[in-house]
**Student:** 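Sharing a structure with you now.
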Amino acid sequence: MPVGVTSGWLGRFRDRRALLLTVAVLILILALLSAGTWAVWTVTDSNPNNTFATNTVTINDNQGGQGGSAVSTGTAMFNVTNLEPGSAATTACIGVNVSGTAPIASLTLTAALGGSGQATLQNQLTMNVAQLNTSGTVGVTPGSNTNNGSCASYPAGGTNTTVGTPGATLQTWASASPYTIASPVTNTWYKFTVSGLPVGDSNCATYCNQTITVSLTWTLTTT
Amino acid sequence: MVFDRASAQVAVPWPTRSSSIEQLVAESADAVALADNDRRTTPGRLPRGRRLARGIVTALLLAAILALGSALCVTVAGYRFMIVRSGSMRPTLVKGDLFVSEAVRPPVVRPHDIVTFRDPALGGEMVTHRVLNVTTDGNMFAFVTKGDANTATEHWSIPRDGTLGREVLIVPRVGTLLAWLRTRGVLLAALLLIASAITTASIRRIWGTPKGPSRAVRAGGSAAVAIVAVLAMHTSNAEAWTITGLNSSNSFATAPSFPSVAGVVLANASGGTVGRLERGDTVTVTFSETLKVSTICTTWSGDASDQTLSGNGDVTVAVIDGTGATNDSISVSSAACTFNFGSIDLGNNNYVSGGDGTFSGNGANKSTITWTAATHTLTITLGHASGTFNVVASSTPTYSVSQGITNPVGARIYNSPYTLPTGPQF
């Protein structure tokens, strides 16, 4: 007989109470266990199986830019010279293609300014319009410039999404980057329109013979 | 079912009577192994079930200690433990390493430091990469970072009083164990272990004489603490692979100089009538600099040389008769070339009446054009008049320069239309 269990009616009463308590405990544990199990199964690792070693991913644009196993900077879309007060805006387009097997986390566009005339021109020239369209396809020949900044293939349909604030100065537009490109990111077209020099910038001593450069970088991140 | 009452009764309250972690681990593991109750084991050697249970509980408790220590460090000293999740920092960090960082302010961070930061390009997810460059702009610190195995860089900024993590210690592969402990199977097994221990302890208390917490209760408690701690372990250290596409060196260059209209004079011929267009009157336009003469007259060449159009019938100056609100205007054409001039709005519609007028002819009646390179001056001399021309006392003409006219590097005249002074013209 187990220690602590007495005989007689009191013992039988305690046995029944113990039995009932045992059943109650078992039910309670089972209930808690089922709830706990459910709770455990809701706790999942959001990034459990990274397999980068075997996956591939490349990014190419139709100006010859490449990223991934091969890297090249491509041909600039803009090569605008002889800007003068009141000169017209310039528009150029580029298509970016992403391919590979790695799952994509994000695609961002970053702008960086440079050139000897950056300080002079970064607040004079404006990014009149920068927009993207994901409705078309982008044909690329990796490493080759097949577009020359043309907007002829920029999708006529689909939705144009503004990238940054229209009319912002180059400095503001670049400093606000990186811009996250909404999915799907496998085929994205971009159209950039950069203003000429404002009419008021006629002081040649200040504004003549200045050059500003804009480097655009698309960064593809895999999960 | 048989219970090891003796073991339960000699159990000590946890943790007050546990003199060391090892002792605690051993006692807990022993308690978990109650269900085995293997009494046939050779003295001095634990039965297999107990050894297995001791190993599991040891791992859980070590993880718990590590995780709770991590949480304590984060709270008290600013240290953070993170598990490396990818290989963008190879070979310095590989997947599964444990990365320990301290919270620091931006001014103390130097190039080559490995830092943990929230990457704006990844929606604020935490990334651990190496610092390439740090610059300041007022109160902001701008960082350029890159994974050792990546080709792409990240650009991000934080304020001077912001916080980021800087490397303190790298423990190879420990993170893999912690990540394993967070897997579903392990957590479920641990949960079942807790349930078994609690059930065992509860039934023993119901049927026996409770004397303080049993080993089973202590084991369940230990495992529960371990699970909570492991779940609390920070593992959000994302080191994503990145590749970039680049379209660089897009350039926008201003002209070496800005050509402009420096002055326009509508002059009366010697002995002529002021205010009326007539033979011998001249239109003189002075530009600010040397122009590309072929953009004025397509057959001209030699920007440093004087140019002329003086053949019979070469030049026709037309005066367009404006009506109503439209002023009369002057345009110039040539039979010898495509002549880009633009037009002069005369500021009044009564210079010519009854239709358009012209100035052209041969010999002494011809209109002529000369370009003086040294002074960048274009002079148009009116020839024989055809039409009805009237005297206008005063007007304010404007000259709209042809946008085809440029300087030698292609810059156009920027201050068009140019407004002449008000007064009598011609």
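Residue numbers begin at 1 in each chain, while the letters A, B, ... track the order of the sequences.
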**Student:** Residue by residue, scan residues 251-259 of chain B and write down, ordered by number, those that have a heavy-atom distance under 4.5 Å to chain A; if none do, write 'none'.
**Tutor:** Ser251(B), Phe252(B), Ala253(B), Thr254(B), Ala255(B), Pro256(B), Ser257(B), Phe258(B)

**Student:** Side chain from CB out, backbone as N, CA, C, O: work out which of these in Leu197(A) comes under 4.5 Å of a heavy atom of chain B, or both, or neither.
**Tutor:** side chain

**Student:** If you compare all heavy atoms of Ala76(A) against all heavy atoms of Ser249(B), which two are closest, and at what distance to 0.1 Å?
**Tutor:** CB-O, 3.5 Å

**Student:** Report the C-alpha distance between Trp218(A) and Asn247(B) in whole Å, list the side-chain angles of each, state the deciding distance to 0.1 Å, and finish with yes or no for side chain to side chain contact (heavy atoms under 4.5 Å, CB included).
**Tutor:** CA-CA 8 Å; Trp218(A) 284 264; Asn247(B) 191 261; 4.0 Å; yes

**Student:** Check whether any side-chain N or O of Asn250(B) sits under 3.5 Å from a backbone N or O of Val214(A) as a donor-acceptor pair, and report yes or no.
**Tutor:** yes

**Student:** By a 4.5 Å heavy-atom criterion (distance strictly below it), what part of Ile94(A) contacts chain B: side chain, backbone, both, or neither?
**Tutor:** side chain

**Student:** Name the member of Ser72(A), Cys208(A), Ser215(A) that forms the most heavy-atom pairs with chain B at distances under 4.5 Å.
**Tutor:** Cys208(A)

**Student:** Measuring heavy-atom distances to chain B, does Leu125(A) have an atom under 4.5 Å in its side chain, in its backbone, in both, or in neither?
**Tutor:** side chain

**Student:** Enter the distance from Ser248(B):OG to Met77(A):CE here, rounded to the nearest 0.5 Å.
**Tutor:** 10.5 Å

**Student:** Between Asn79(A) and chain B, with a heavy-atom cut-off of 4.5 Å, which part of the residue counts as in contact: side chain, backbone, both or neither?
**Tutor:** both

**Student:** What part of Gln66(A) lies closer than 4.5 angstrom to a heavy atom of chain B: side chain, backbone, both or neither?
**Tutor:** backbone

**Student:** Tell me, for Asp201(A) versus chain B, whether the close heavy atoms (under 4.5 Å) come from the side chain, the backbone, both or neither.
**Tutor:** backbone

**Student:** Most heavy-atom pairs under 4.5 angstrom with chain A, which of Ala411(B), Ala142(B), Ser260(B)?
**Tutor:** Ala411(B)

**Student:** If you round to the nearest 0.5 Å, how far is CD of Glu84(A) from CG of Asn415(B)?
**Tutor:** 9.5 Å

**Student:** Using heavy-atom distances under 4.5 Å, tell me whether Leu121(A) contacts chain B through its side chain, its backbone, both, or neither.
**Tutor:** side chain

**Student:** Does any heavy atom of chain B fall under 4.5 Å from the side chain of Ser87(A), the backbone, both, or neither of them?
**Tutor:** both

**Student:** For the candidates Cys204(A), Pro85(A), Gly65(A), Gly86(A), which exhibits the highest count of non-hydrogen atom pairs separated by less than 4.5 Å from chain B?
**Tutor:** Pro85(A)

**Student:** Output the distance between atom OG1 (Thr108(A)) and atom CD (Glu154(B)), rounded to the nearest 0.5 Å.
**Tutor:** 9.5 Å

**Student:** Rounded at 0.5 Å granularity, tell me how far OG1 in Thr217(A) sits from CG in Leu246(B).
**Tutor:** 4.5 Å

**Student:** Determine whether more than 12 heavy atoms belonging to other residues, nucleotides or ligands lie under 6.0 Å from atom CG of Asp137(B).
**Tutor:** no

